[in-house]
Amino acid sequence: MKTIVATPIWDNGQTVEATILNAYAVNVTLGTSATFYYQLLSQTAEGNVSQQVAQGNLSMTGEAYTQWEVDSYAWDWVAAQLNLTITGDYVPPVTTAPEPTPIVEQAIAEEVEIA
């Protein structure tokens with residue numbers, strides 16, 4: 001997933017800012033074409049993925065397909081088709097686990113006889 005310049009998307013009667021682009025190839029016909037599925041996602045205030053605000057498919061053919069050799073080319077191509085600007089890789093926020101409650105063992109008094 002990639003972060004993008006915030007893009008307003010009309011979703012269910014309100015404007016939501018898409019800030020994450022997710023994409024992957026869903027069908028590749030070697031030597032001919034590739035179809036990419038994409039999602040535009042919003043984020044929570046904490047930086048987590050919130051909701052999908054747009055999605056669809058894009059077909060890469062012709063010269064664009066023949067030039068595709070590395071993932072970064074495909075990411076840039078998808079962004080260009082959607083008129084988006086990639087700003088970096090999406091890295092989910094690191095959450096710290098709550099401190100575990102220590103288990104307190106009760107001492108049991110035992111008498112031990114030494115033989």
Side-chain angles (χ1 to χ4, degrees):
M1 288 193 280
K2 302 290 185 181
T3 56
I4 56 173
V5 171
T7 303
I9 304 290
W10 185 255
D11 183 47
N12 292 328
Q14 62 182 353
T15 301
V16 179
E17 286 194 341
T19 55
I20 300 171
L21 168 64
N22 187 30
Y24 51 89
V26 292
N27 186 25
V28 176
T29 304
L30 296 176
T32 306
S33 65
T35 301
F36 294 90
Y37 173 75
Y38 72 87
Q39 296 173 294
L40 297 180
L41 307 160
S42 62
Q43 285 180 277
T44 64
E46 296 79 27
N48 293 305
V49 173
S50 177
Q51 67 183 18
Q52 173 183 288
V53 295
Q55 58 85 32
N57 293 302
L58 297 168
S59 294
M60 177 192 282
T61 60
E63 186 177 331
Y65 178 80
T66 59
Q67 291 180 4
W68 175 31
E69 293 181 7
V70 294
D71 289 348
S72 60
Y73 179 85
W75 280 111
D76 291 342
W77 182 85
V78 168
Q81 299 307 299
L82 299 171
N83 199 27
L84 301 172
T85 302
I86 293 174
T87 58
D89 291 326
Y90 171 72
V91 179
V94 176
T95 56
T96 56
E99 287 292 320
T101 305
I103 298 173
V104 178
E105 295 182 20
Q106 292 181 334
I108 300 175
E110 293 182 5
E111 292 184 24
V112 178
E113 292 182 30
I114 301 177

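We use all heavy atoms of the structure for the numbers below, so side chains are in, but hydrogens, waters and symmetry mates are not. Worth saying up front: this structure is predicted, and the values here are computed from it rather than measured.
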*asked:* Using the rule given for side chain to side chain contact (heavy atoms under 4.5 Å, CB included), can you reason through Y38 versus L84, listing the C-alpha separation, both sets of side-chain angles and the distance that settles it, and then say yes or no?
replied: CA-CA 12 Å; Y38 72 87; L84 301 172; over 6 Å; no

_Nearest non-hydrogen partners of G47 and P93, listed with the distance_ = O-CD, 3.5 Å

_Within one Ile-Leu-Val-Met-Phe-Trp-Tyr cluster: Y73 and V78, side-chain cutoff 4.5 Å_ = yes

*Decide if atom CG of N57 counts as having more than 12 heavy atoms of other residues, nucleotides or ligands within a radius under 6.0 Å.*
yes

_Main chain of V5, side chain of T87: is a donor-acceptor contact present, judged purely on distance under 3.5 Å?_
no

*asked:* With a 3.5 Å distance limit and no angle check, can you tell me whether T3 reaches the backbone of G88 through a side-chain donor-acceptor pair?
replied: yes

*asked:* Hydrophobic clusters here meaning ILVMFWY residues chained together by side-chain heavy-atom distances under 4.5 Å, can you tell me if I86 and F36 are in one?
replied: yes

*Nearest-0.5 Å distance, CD of residue Q52 to CG of residue D11*: 9.0 Å

*Does atom CG of N48 have more than 12 heavy-atom neighbours from other groups under 6.0 Å away?*
yes

*Could you state whether W68 and V70 fall into the same hydrophobic cluster, counting links through intermediate Ile, Leu, Val, Met, Phe, Trp or Tyr residues with side-chain heavy atoms under 4.5 angstrom apart?*
yes

_Test log, rule side chain to side chain contact (heavy atoms under 4.5 Å, CB included), inputs I20 and V49_ = CA-CA 8 Å; I20 300 171; V49 173; 3.8 Å; yes

*Evaluate the side chain to side chain contact (heavy atoms under 4.5 Å, CB included) criterion for residues D89 and K2: first the C-alpha distance (whole Å), next the side-chain angles of each, then the deciding distance (0.1 Å), finally the verdict.*
CA-CA 4 Å; D89 291 326; K2 302 290 185 181; 2.4 Å; yes

*Residues E17 and T19: side-chain donor-acceptor under 3.5 angstrom*: no

*When hydrophobic residues are tied together by side-chain contacts of less than 4.5 Å, even through go-betweens, does W75 share a cluster with V91?*
no

*L41 versus Y90: any side-chain heavy-atom pair under 4.5 Å?*
no

_I want to check something: taking the side chain as every heavy atom from C-beta on, are L82 and L21 in contact at a cut-off of under 4.5 Å?_
yes

*Polar side-chain atom of Y65 near backbone of G31 as donor-acceptor pair, under 3.5 Å*: yes

*Rounded to the nearest 0.5 Å, how far apart are OG of S33 and CG of N27?*
6.5 Å

*Straight-line distance of M60 CE to Q81 CD, nearest 0.5 Å*: 8.0 Å

*asked:* Are L58 and I4 connected into the same hydrophobic cluster when the rule is that any two of I, L, V, M, F, W, Y join if their side-chain heavy atoms are below 4.5 Å apart?
replied: yes

